[in-house]
Amino acid sequence: MNSVIEKDDNVMIFQPKLAQLLGLNETIIINQIHYWVKKSKNIIEGRYWVYNTYESWQKQICFLSESTIKKTIKKLEGMGIIKSGNFNKSKIDKTKWYTID
């Protein structure tokens with residue numbers, strides 16, 4: 001019998017109270033950014049940052065559309081919960097960098 005859950009599937013955990021306060025999509029994205037920031041070695045302005053394109057975030061959070069991720073990140077930026085910037089060496093590289101404020 002085939003299992004729906006594969007052995008190497010990632011597990012996402014979130015806090016229900018945070019989801020009640022901010023929304024489920026917002027909580028999922030905050031947790032994903034937090035996960036990568038904790039693994040990051042990129043220190044800028046005294047903070048750890050992680051970079052990704054919206055397409056890359058969507059590959060990680062495959063049950064949310066790219067447009068939902070983009071809209072949710074913009075909402076979190078507007079709320080001051082996450083910060084973003086462009087710290088790429090090439091000016092044409094528009095990959096955004098993120099940290100939790």
Side-chain angles (χ1 to χ4, degrees):
M1 178 185 231
N2 290 338
S3 174
V4 173
I5 301 173
E6 297 293 327
K7 188 170 99 176
D8 62 343
D9 273 354
N10 293 328
V11 175
M12 290 187 168
I13 299 172
F14 67 93
Q15 299 89 350
K17 288 194 186 243
L18 189 59
Q20 275 184 313
L21 182 65
L22 299 177
L24 182 58
N25 294 345
E26 291 78 6
T27 301
I28 289 167
I29 289 174
I30 289 169
N31 283 343
Q32 196 67 6
I33 292 172
H34 182 260
Y35 171 82
W36 287 113
V37 165
K38 288 296 215 183
K39 292 179 163 272
S40 178
K41 294 184 181 5
N42 300 309
I43 301 174
I44 303 166
E45 300 172 348
R47 297 174 181 263
Y48 287 97
W49 292 75
V50 61
Y51 56 89
N52 253 326
T53 62
Y54 294 121
E55 181 182 0
S56 294
W57 286 122
Q58 199 280 324
K59 286 179 182 173
Q60 295 174 43
I61 312 168
C62 58
F63 50 88
L64 295 179
S65 70
E66 194 174 319
S67 63
T68 296
I69 291 169
K70 185 175 184 177
K71 186 176 5 172
T72 305
I73 286 174
K74 287 186 182 296
K75 180 179 176 185
L76 290 168
E77 290 169 331
M79 295 170 75
I81 295 172
I82 63 173
K83 288 182 143 191
S84 65
N86 184 332
F87 304 107
N88 303 306
K89 291 180 177 149
S90 171
K91 293 194 186 245
I92 62 169
D93 185 351
K94 300 299 180 194
T95 302
K96 287 177 74 175
W97 292 61
Y98 305 92
T99 193
I100 297 175
D101 196 13

TODO: Identify the residue among Lys71, Lys96, Lys83, Lys70 that makes a salt bridge (Lys or Arg N to Asp or Glu O under 4.0 Å) with Glu77.
DONE: Lys96

With a 4.5 Å heavy-atom cut-off, do [X] and [Y] have their side chains touching?
| X | Y | result |
| --- | --- | --- |
| Phe14 | Leu24 | yes |
| Asn31 | Gln15 | yes |
| Trp97 | Asn52 | no |
| Ile30 | Leu22 | yes |
| Thr99 | Val50 | no |
| Tyr48 | Lys38 | no |

Reported [atom1]-to-[atom2] distance for the pair [X] and [Y], which is rounded to 0.5 angstrom:
| X | Y | atom1 | atom2 | result |
| --- | --- | --- | --- | --- |
| Leu18 | Gln20 | CG | CD | 10.0 Å |
| Asn25 | Ser65 | CG | OG | 8.5 Å |
| Thr27 | Leu21 | OG1 | CG | 8.0 Å |
| Ser84 | Lys74 | OG | NZ | 8.0 Å |

Task: Check: Asn88/Ser90 side-chain N/O donor and acceptor closer than 3.5 Å - done: no

Task: Distance-only side-chain donor-acceptor flag, Trp57 / Glu66, under 3.5 Å - done: no

Open item on the list: For Leu64, is there any backbone N or O sitting under 3.5 Å from a side-chain donor or acceptor partner on Thr68?
Closed with: no

Task: Side-chain donor/acceptor of Thr53 to backbone N/O of Thr95, under 3.5 Å - done: no

Open item on the list: Membership question, hydrophobic clusters at under 4.5 Å side-chain separation (ILVMFWY): are Tyr98 and Ile44 in the same one?
Closed with: no

Task: Cluster check Trp36, Tyr51: I/L/V/M/F/W/Y, side chain < 4.5 angstrom - done: no

Open item on the list: Under the criterion side-chain contact (heavy atoms from CB on, under 4.5 Å), I'd like the reasoning laid out for Leu76 against Ile29: C-alpha separation, chi angles, the key distance, then a yes or no.
Closed with: CA-CA 9 Å; Leu76 290 168; Ile29 289 174; 4.0 Å; yes

Open item on the list: Please find the pair of heavy atoms, one from Ile100 and one from Arg47, that lie closest to each other, and give the distance.
Closed with: O-NH1, 3.3 Å

Open item on the list: So, using ring-ring contact (aromatic ring centres under 6.0 Å, His included) as the criterion, who are the partners of Trp49 when residues are at least two apart?
Closed with: Phe87

Task: Enclosure of Tyr54 OH (heavy-atom neighbours >12, cutoff 6.0 Å) - done: yes

